[in-house]
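Everything below concerns the one structure shown next.
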Amino acid sequence: MEFAPLPLEFYSQTSLQLAEQLIGKLLIKETDEGIAAGFIVETEAYAGPEDRAAHSYNNRRTARTEVMFGPAGYIYTYQMHTHCLVNVVAATVDVPQAVLIRGVEPYIGIDLMKRRRGESKTDRELTNGPGKLCKALGITMGDYGHCVIEKPLWISEGRTFSDVATGPRIGIPNSGEAKDYPWRFYVSGHPNVSKG
DNA sequence: TGAACGATTTGT
DNA sequence: CAAATCGTTCAA
């Protein structure tokens with residue numbers, strides 16, 4: 001197969017390491033409407049019990065966060081207001097870490113993405129945000145708990161980006177000192193990175 | 001620039 | 001039951 005899934009072992013590292021490693025990888029979603037995929041250009045690491053910005057802070061375990069306590073390489077989808085955000089579980093069993101996908105570069109199925117997001121959207125507007133890329137790729141709460149090494153939603157080797165920068169995470173102003181941790185990774189100057 | 005949207009979880 | 005949240009869109 002052309003876009004072979006990465007091995008499950010790849011995800012068994014800390015969320016910080018995984019967030020950096022995921023830059024450039026290809027995120028693929030296949031539905032009955034067709035196939036859509038994009039290169040990951042922006043991620044954020046959430047480090048579990050000690051990270052005040054994480055849903056799993058202080059080992060908070062609910063129906064929503066349950067999947068983060070399982071093995072690495074599973075999808076953690078989370079609904080915020082009217083939108084769906086997608087994370088990949090990192091680390092190992094009982095260590096609730098995850099990496100948020102915040103931006104991708106459209107690669108396959110751009111016409112399908114435009115149909116989902118609105119025909120008037122530019123390629124940049126299609127996927128330059130965590131909720132936007134979920135809608136463009138057709139990722140929903142139905143993908144919660146899915147294993148990322150098999151269809152219809154998986155990640156394969158992609159492209160290499162040379163200019164990867166780090167900075168504070170976005171949208172967590174009320175998380176004490178955790179809001180300043182440089183746990184956001186992004187391709188510098190890339191159009192599909194959120195919040196220029 | 002600002003308000004509406006509304007699933008899940010926490011705090012009164 | 002009220003408020004806050006890893007966000008996006010539309011209206012002025």
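In what follows, chains carry the letters A, B, and so on, assigned in the order in which the sequence lines appear, proteins first and then strands, with residues in each chain numbered from 1. FYI, side chains are in, hydrogens and waters are out, and symmetry mates aren't considered; it's all heavy atoms of this structure. The structure displayed is predicted, hence computed values, not measured ones.
Residue K132(A) is classed as a sugar-phosphate contact, given heavy-atom separations below 4.0 Å to backbone atoms only. Note on R169(A): nothing from the nucleic acid sits closer than 4.0 angstrom, heavy atoms only.
Among pairs with a residue in residues 130-149 of chain A, none fulfils ring-ring contact (aromatic ring centres under 6.0 Å, His included), at least two apart in sequence or across chains. The stretch residues 156-180 of chain A participates, sequence neighbours left out, in these ring-ring contact (aromatic ring centres under 6.0 Å, His included) pairs: F161(A)-H190(A). For residues 39-61 of chain A, the set of pairs meeting the ring-ring contact (aromatic ring centres under 6.0 Å, His included) definition, not counting sequence neighbours, comprises F39(A)-Y107(A), H55(A)-Y78(A).
Residues from residues 46-57 of chain A lying near DNA chain C, meaning a heavy-atom separation below 4.0 Å, are Y46(A), A53(A), A54(A), H55(A) in numerical order. A heavy atom lying under 4.0 Å from DNA chain C marks none of the residues of residues 141-148 of chain A. Taking every heavy atom of residues 106-122 of chain A and every atom of DNA chain C, pairs under 4.0 Å involve R117(A), K121(A), by number. Contacts between residues 89-105 of chain A and DNA chain C, defined by a heavy-atom separation below 4.0 Å, involve L100(A), R102(A), listed by number.
Between G129(A) and Y78(A), the one whose closest nucleotide on DNA chain C sits nearer the 5' end is Y78(A).
Scanning for ring pair (Phe, Tyr, Trp, His ring centres under 6.0 Å) contacts around Y74(A) gives an empty result, with sequence neighbours left out.
Of all nucleotides in DNA chain B having an atom under 4.0 Å from a heavy atom of chain A, the first and last in 5' to 3' order are dC5(B) to dT10(B). For DNA chain C, the span of nucleotides reached by chain A at under 4.0 Å from its heavy atoms goes, 5' to 3', from dT5(C) to dT9(C).
Applying the 4.5 Å side-chain rule to ILVMFWY residues, one finds L6(A), L8(A), F10(A), Y11(A), L22(A), L27(A), I40(A), I75(A), V86(A), V88(A), V99(A), I101(A), V104(A), I110(A), M113(A), L126(A), L133(A), L137(A), I139(A), V148(A), I149(A), L153(A), I155(A) in the same cluster as L18(A).
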Task: Dot-bracket pairing map - DNA chain C, Watson-Crick plus G-U, both contacts under 3.5 Å, | cross-strand - done: |||||.|||||.
